[in-house]
Participant: 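Handing you this structure, nothing more for now.
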2 protein chains.
Amino acid sequence: MQFKKVIMTQPKTRERIEEKADTLFYENGFEATSFADIAEAVGISRGNFYHHFKSKDDILDAVIRRRLAKTRCMLGEWEADAPPKARILSFIRILLTNQTKIMAFGCPVGTLTTELAKLDHVAHERAADIFTLFRDWLAEQFRALGHDDAKALALHLLGRTQGITVMASTYHDEDYLASEVAALEGWLDALSDKPSLKG
Amino acid sequence: MQFKKVIMTQPKTRERIEEKADTLFYENGFEATSFADIAEAVGISRGNFYHHFKSKDDILDAVIRRRLAKTRCMLGEWEADAPPKARILSFIRILLTNQTKIMAFGCPVGTLTTELAKLDHVAHERAADIFTLFRDWLAEQFRALGHDDAKALALHLLGRTQGITVMASTYHDEDYLASEVAALEGWLDALSDKPSLKG
DNA sequence: GACAAATTAGGACGGCTGTCCTAATTGCTG
DNA sequence: CAGCAATTAGGACAGCCGTCCTAATTTGTC
């Protein structure tokens, strides 16, 4: 019954640590988030951490793995009986879905990747993998729409959304965000007419 | 002769502290840069700091003020006997001028603003002022080109460049950077033909 | 050269960091 | 209920953080 024990008991505390660490890393940054912060948010003792994770970097790994999984899940949902163009639209509209958090803290993926790059952290590549997940998925959709420069289009769209999150959080301006999302939708529409222009 | 003393002696050490702090904040982040780091880079004692700055936030203020001044200076240079469109092009091409640093650390303005937003730091607005400097200057150029949505165009261009810096530093991909700069130049060209489309 | 001011070096300080250890508690198994 | 494993709490630890103080040194002026 050893197996059952591992499966049944781990999820509770470990899962809660990952969850709280995830949001704290997002809202306050990885470096600025201390063990004490996470412990307080979860409601456990500091010393207890090392039974679940062997270091802070280990928690970061878990958080990134968690985000990768959630992203895969979200992309999967967008594929449900929707044509490629509608799928790309779903991607664009997370800017509106997560509007409040984006205007306060920017993009979870972009800001983490940027911070880890400055820290010369080994996990930087792992964090970039989340971007790669989006990129490859978007490229697949563009390819389905008949574009042969699908990867470049995917990267272009990723960059556009990243820029929007940076400026939206800088000025906390929801009108800017809305108008840029509209512009992005217009770009996607125009793309159908002339399949090789990036605009 | 008190006046002369203040003018002549201050610039040396204080200026060097600001300079080193500026690059360290850029390359490693504000939070991750310690007093010891700056002291070592400048080559002075830690305790000596408080004769020039009264706190770390005070150094941050000085760094931001310094960046504002340098930005104003740069914008001024771009105005030298060049038509508005060429001035905007100068802005776009800093992405190529600073290519190496951007691919390693992203945009100095964007990354600092993002970090300060997460830290809930009072200096966030001051950092955003650097963006505003660019925005207003760009809007002025777009207005000179006959666009009535000049401010929106300026914000759009700022966002585009920010997104490019994020993705370029994520993947360290100079081909992406080059092609996006080309796309941005194409966008600027197309803008001349139909003055009210954002693309 | 004497004197005062500006500048510097070096260390003390309380507090927080990530890490680790140990003892107590809980929960499951037989 | 006994016994064992999993989990927890709490604190010790070395080290670094930003801050502050004091004493020594340098600098410029009369």
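Within every chain, numbering begins at 1; the chains are lettered A, B, ... in the order of the sequence lines, protein sequences first and strands thereafter.
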Participant: S34(B) side chain: which of dT7(D), dT8(C), dC17(D) is closest?
Facilitator: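 Output: dC17(D).
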Participant: Would you find a donor on one side and an acceptor on the other, under 3.5 Å apart, between the side chain of Y26(A) and the backbone of A21(A)?
Facilitator: no
Participant: For the pair F91(A) and W78(A), name the ring-plane relationship: parallel under 30°, tilted 30 to 60°, perpendicular over 60°.
Facilitator: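 F91(A) and W78(A): perpendicular rings.
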Participant: Measuring from the side chain of S55(B) (C-beta onward, heavy atoms only), which nucleotide among dT19(C), dT19(D), dT8(D) has the closest atom?
Facilitator: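 In terms of side-chain proximity for S55(B), the closest of dT19(C), dT19(D), dT8(D) is dT19(D).
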Participant: For R14(A) and dT7(D), what is the distance between atoms CZ and P respectively, to the nearest whole Å?
Facilitator: 11 Å
Participant: Check every atom of dT17(C), dA12(C), dT19(C) against the side chain of F35(A) and return the nucleotide holding the closest atom.
Facilitator: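 Within the option list, the nearest is dT19(C).
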Participant: Mind calculating the distance between OH (Y50(A)) and P (dA23(C)) to the nearest angstrom?
Facilitator: 20 Å
Participant: Please determine, for the side chain of H52(B), which listed nucleotide (dT8(C), dG10(C), dT8(D)) has the closest atom?
Facilitator: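 The closest nucleotide is dT8(C).
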Participant: Between dT19(D), dA9(C), dG10(D), which nucleotide has the shortest distance from any of its atoms to the side chain of I44(B)?
Facilitator: dA9(C)
Participant: From CD of E40(B) over to C1' of dC16(D), roughly how many Å is that when rounded to an integer?
Facilitator: 14 Å
Participant: Could you pick out which residue, R46(B) or T33(A), lies toward the 5' side of DNA chain C when each is mapped onto its nearest nucleotide?
Facilitator: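 This one resolves to R46(B).
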Participant: What pair of heavy atoms forms the shortest contact from I130(A) to R67(A), and how long is it?
Facilitator: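 Heavy-atom minimum between the residues: CD1-CB, 3.8 Å.
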Participant: Between C1' on dG18(D) and CD1 on I38(B), what's the gap in Å once rounded to a whole number?
Facilitator: 11 Å
Participant: For the residue pair W187(B) and F142(B), does the interplanar ring angle fall in the parallel (under 30°), tilted (30 to 60°) or perpendicular (over 60°) class?
Facilitator: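 Aromatic pair W187(B)/F142(B) classed perpendicular.
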Participant: Starting at CZ of F49(A) and ending at P of dA6(D), how long is that distance when rounded to a whole Å?
Facilitator: 21 Å
Participant: Nearest heavy atom decides the nucleotide; on that basis, is G47(B) or N48(A) closer to the 5' end of DNA chain C?
Facilitator: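 Mapping each residue to its closest nucleotide by heavy atoms, the 5'-most match is G47(B).
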Participant: When the distance from CZ of F30(B) to P of dC17(D) is rounded to whole Å, what number comes out?
Facilitator: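 Going from F30(B) (CZ) to dC17(D) (P), I get 13 Å.
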Participant: In terms of side-chain heavy atoms of A36(A), which of dA9(C), dA9(D), dT17(C) is nearest?
Facilitator: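 Nearest to the side-chain atoms of A36(A), counting from C-beta on, is dT17(C).
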Participant: Can you tell me which residue among E79(B), H147(B), R87(B), K85(B) is in a side-chain hydrogen bond (donor to acceptor under 3.5 Å, both in side chains) with Q141(B)?
Facilitator: R87(B)
Participant: How close or far is atom C1' of dT8(C) from atom CZ of F53(B), stated in whole angstroms?
Facilitator: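 Interatomic distance, CZ of F53(B) to C1' of dT8(C): 15 Å.
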Participant: dT7(D), OP1 or OP2 - any side-chain N/O from T13(A) closer than 4.0 Å?
Facilitator: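 No, T13(A) has no side-chain N/O under 4.0 Å of OP1/OP2 on dT7(D).
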Participant: Which whole-number value in Å describes the distance from H51(B) NE2 to dA5(C) P?
Facilitator: 13 Å
